[in-house]
2 protein chains.
Amino acid sequence: MTRRSSSVTIRDVAREAGVSVATISRYINQSARVSDDVAERIELAIEELNYVPHAAARHLATQRTRVIGLLLTNMHNDFFAPLVSGIEAVVQHQGYNLLVATHRADSHLDIQLPIGSHNTDGMIVFADSLREDDIIGLHRNGFPIVLIHRSTPDGYEIPSVTIENKDATCRLVEHLITDHGRKRILFVRGPANQEDSQWRELGYLQALENHDIPRDPQLIICGEFEREVAYREMVKFLEDSQTDFDAVFTGDDDSAIGIVNALVEAGYRVPEDISVAGFDDLRLSAFLTPPLTTVNAPTELVGRTAAEQLFDLLTGKDVDPIILLPTEIVIRRSCGCFV
Amino acid sequence: MTRRSSSVTIRDVAREAGVSVATISRYINQSARVSDDVAERIELAIEELNYVPHAAARHLATQRTRVIGLLLTNMHNDFFAPLVSGIEAVVQHQGYNLLVATHRADSHLDIQLPIGSHNTDGMIVFADSLREDDIIGLHRNGFPIVLIHRSTPDGYEIPSVTIENKDATCRLVEHLITDHGRKRILFVRGPANQEDSQWRELGYLQALENHDIPRDPQLIICGEFEREVAYREMVKFLEDSQTDFDAVFTGDDDSAIGIVNALVEAGYRVPEDISVAGFDDLRLSAFLTPPLTTVNAPTELVGRTAAEQLFDLLTGKDVDPIILLPTEIVIRRSCGCFV
DNA sequence: CCGGTTTCAGTAACCGGTTACATTATTTCA
DNA sequence: TGAAATAATGTAACCGGTTACTGAAACCGG
């Protein structure tokens, strides 16, 4: 009948220990010394009553949630496991909690964001999980944000952690050209509005240009960074297109898997007939048959770095506005090399 | 100087709209009708002031957080992506948020759990991420819990969502025996204290027994459900052991990848020389070369189901104490079949 | 026209912590 | 020895919502 919840509060503990609530609070938060005698009684009372502080009450009083948010576009791609893992490690180390949500930038704008200043102390925003004006809006309100796999909007200083895409892609495609003599290289692009995908496409085009290979729009198909989509598109390409090709560069490893599968099913040998290279270096890429030549993206490090940036932001430390993490070409078998 | 945060509160909105805070609250929560006139003024005031309700204050007043917790052992294995994805979908659909944390059952017990009754309305506990007495303790306090990949402790009615392990394993191993004539089947087990691993081992042993094949302790190695560990152990086995074998069944697909890799490196052909089969049917398993014969575990469904169970628990609905989701054998190429 | 509902809105007590300020006891040191 | 500094604790006002209770106006049937 009474509204009082069954949970034991700080006042119960205070009564049990024979001290004031302030003292309990100070003891718990170590915010001031308490005498040994009192400390012991408090310890006992807490034990006795099985007291657990009420998070919401604490958040309300302190105006901090000790929670940080992570906004992703989806969670089912294997790419996200190390990303979340890296973030989680830092968050846990800092004694914070991690709130995870998925959201698409294009979704109904008027609905309330699952995470934001109302329930987290700061957030990490992945790629195009949030519209630019929403990001700016939050930032303008002083809400700490770190962007990953997405650059800072012009004119704003929102820290961002990205990886080097273009140059590595260019060098890897050049590897296909110079070391394996490939000239007709199919490019499998990702989502149009995702920066990683755009940079990788630029790197691909750059490599062609560097070697005076004319670009052929026929040689670009769209895999959406999704294995199944890439597989389907590749099958369709093999059936419909008369365009011949001798290599495939995919903007992501996940697609590369689908591509290789489609190729093998169609009777091509990888890498003898067709060289294949990807981007990401997923945990599984080394174990594929043939092992996938790719670009290593330090995904867990991206997560870790972004989380650290965010905590620097929260503690008022200086924060690098832009962090560009290096990537590294990983030569394996799928391009044609013997390793 | 003042402690007052810069954020706008419900009282500001009330003043702006010329009504009381109660009315604002009622309007926002749709907990009672307000006249159209008032509704419009409130809407305007909220817009004008850019008001966002303070989550902690709301939680404190309602004694609900609208957050559910997910406790995992780690996050880096690809297995977790669909699991989390499934949970997240339901949680989002219910208008809740998802708090994710990792924890090991064996870690220092006295440290406060990252999630629990203090900051979530309920939680989903994966396998051995939490000690049995901690689970029971929380449950005794009336905290809603759903277990996944772990059965209910004896004598308690904590809902659990698990998958059928033993029978499917048995049948798959029998497939290796009867359809491919394998008799010396290596088993790669997972963590000793994980139930899935235990059941799969029982299924393996059952299959041997059904076909009068003597069990050989030499033919069991430990892969810990980790690709790299399985790889290393397999390499070691190939170097050290004189024991011959003609098939490998691994308790999980992740290990199977490492196993195949070790076998291929050692000059074996899969499946011509050695049949390989796994368990899980990870997204990538179909794309491996050769495609992996395995048992399909409905991992996303496990997540979805567990989340639904938890919400039933939260809303006082009847909850199945035990849900055992069916698994299905998936025959591909790695066992030796032509598909 | 009148008592009884129904509808809409306001007042203020609460949720369970934190912390500024006040108070008392204990040292410290000239 | 006594004034000042220090240490340990208590009191009560917050934090920003929700909601039980109350009151006023509108509505309704007879």
Side-chain angles (χ1 to χ4, degrees), chain A residues 1-42 45-46 49-67 112 116-121, chain B residues 1-43 45-46 49-67 112 116-119 121:
Chain A
M1 200 85 286
T2 158
R3 237 177 81 195
R4 204 171 149 346
S5 86
S6 63
S7 74
V8 1
T9 78
I10 200 172
R11 287 169 230 262
D12 299 322
V13 179
R15 194 177 325 111
E16 178 81 11
V19 296
S20 75
V21 293
T23 303
I24 308 290
S25 177
R26 286 191 276 252
Y27 172 74
I28 288 176
N29 299 308
Q30 312 267 4
S31 54
R33 252 200 65 78
V34 274
S35 66
D36 295 350
D37 165 45
V38 168
E40 197 176 328
R41 270 152 50 209
I42 294 179
I46 289 178
L49 300 175
N50 210 314
Y51 168 70
V52 178
H54 192 291
R58 185 180 277 182
H59 296 164
L60 179 57
T62 58
Q63 300 288 28
R64 308 171 56 211
T65 64
R66 302 193 72 84
V67 172
Q112 172 141 12
S117 54
H118 58 291
N119 60 355
T120 53
D121 293 349
Chain B
M1 199 88 287
T2 158
R3 238 177 79 194
R4 206 172 150 344
S5 86
S6 64
S7 73
V8 3
T9 77
I10 200 172
R11 285 167 234 264
D12 299 322
V13 179
R15 196 178 322 110
E16 178 80 12
V19 295
S20 75
V21 294
T23 303
I24 308 290
S25 177
R26 286 191 276 250
Y27 173 74
I28 289 176
N29 298 310
Q30 313 268 3
S31 54
R33 255 200 63 77
V34 287
S35 65
D36 295 350
D37 165 46
V38 168
E40 196 176 328
R41 270 151 51 208
I42 293 178
E43 196 56 61
I46 288 178
L49 300 175
N50 210 314
Y51 169 70
V52 178
H54 192 293
R58 185 179 278 183
H59 297 165
L60 179 57
T62 58
Q63 300 289 29
R64 310 171 54 211
T65 64
R66 301 194 72 83
V67 171
Q112 173 140 12
S117 53
H118 57 293
N119 60 355
D121 293 349

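Chain identifiers are assigned alphabetically (A, B, ...) following the order of the sequence lines, protein sequences preceding nucleic acid strands; residue numbering begins at 1 within each chain.
Take the nearest nucleotide of DNA chain D for A:Asp37 and for B:Ile24: the residue whose nucleotide is more 5' is A:Asp37. Between B:Val34 and B:Val21, it is B:Val34 whose nearest contact on DNA chain C lies nearer the 5' terminus. Sequence order on DNA chain D of the closest nucleotides to B:Ala57 and B:Thr23 puts B:Ala57 first from the 5' end.
In the set D:dT19, D:dA12, C:dT18, D:dT19 carries the atom at the smallest distance from any side-chain atom of B:Ala22. The A:Ser7 side chain lies nearest to C:dG16 when the options are C:dG17, D:dG16, C:dG16. Side-chain atoms of A:Val38 lie closest to D:dT9 of the nucleotides D:dT9, C:dA9, D:dT18.
Residue A:Ser20 places at least one side-chain N or O closer than 4.0 Å to OP1 or OP2 of D:dG10. One finds no side-chain N or O of A:Ser35 lying less than 4.0 angstrom from the OP1 or OP2 phosphate oxygen of D:dA7. Dashed line: the shortest gap from a side-chain N or O of B:Arg33 to OP1 or OP2 of C:dT7 is not under 4.0 Å. OP1 and OP2 of D:dG16 both lie 4.0 Å or more from every side-chain N or O belonging to B:Thr9. The shortest distance between the side-chain N/O atoms of B:Tyr51 and the OP1/OP2 oxygens of D:dG17 is below 4.0 Å. Dashed line: the shortest gap from a side-chain N or O of B:Gln63 to OP1 or OP2 of C:dC14 is not under 4.0 Å. An OP1 or OP2 oxygen of C:dT18 is reached within less than 4.0 angstrom by a side-chain nitrogen or oxygen of A:Arg58.
As rounded to whole Å, 12 Å separates atom C1' of D:dT18 from atom CG of A:Leu60. At whole-Å resolution of the value, CD1 in A:Ile10 and P in D:dA12 are 17 Å apart. B:Asp12 places its CG atom 9 Å from the P atom of D:dG16, with the value rounded to the nearest Å. At whole-Å resolution of the value, CD1 in A:Ile28 and P in C:dT19 are 13 Å apart. What separates CD of B:Gln30 from P of C:dC8 is a distance of 14 Å, to the nearest Å. If you measure from atom NE2 of B:His54 to atom C1' of C:dC15, you get 14 Å, rounded to the nearest angstrom. Rounded to whole Å, atom P of D:dA8 lies 13 Å from atom CD1 of A:Ile42. Between the CZ atom of B:Arg26 and the P atom of D:dC21 there is a distance of 14 Å, rounded to whole Å.
Between the base of D:dG17 and the side chain of B:Arg11 there is a donor-acceptor pair shorter than 3.5 Å.
Across all their heavy atoms, B:Ala39 and B:Val34 have their closest contact at CB-CG2, 3.9 Å. Of all heavy-atom pairs spanning B:Ile10 and B:Val21, the tightest one is CD1-O, 3.7 Å. Contact record, B:Ala55 with A:Asn119: CB-CB, 3.8 Å, taken as the closest heavy-atom pair.
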- Query: B:Val13 and B:Glu16: side chain to side chain contact (heavy atoms under 4.5 Å, CB included), yes or no, with the steps?
  - Reply: CA-CA 5 Å; B:Val13 179; B:Glu16 178 80 12; 5.6 Å; no
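In terms of modelled atom types and a separation under 3.5 Å, the side chain of A:Thr62 and the main chain of A:Arg58 share a donor-acceptor contact.
Counting any heavy atom pair closer than 4.0 Å across all strands shown, A:Val19 reaches sugar-phosphate atoms only and no base atom.
Residue A:His54 holds its NE2 atom at 4.0 Å from CD of B:Gln63, rounded to the nearest 0.5 Å.
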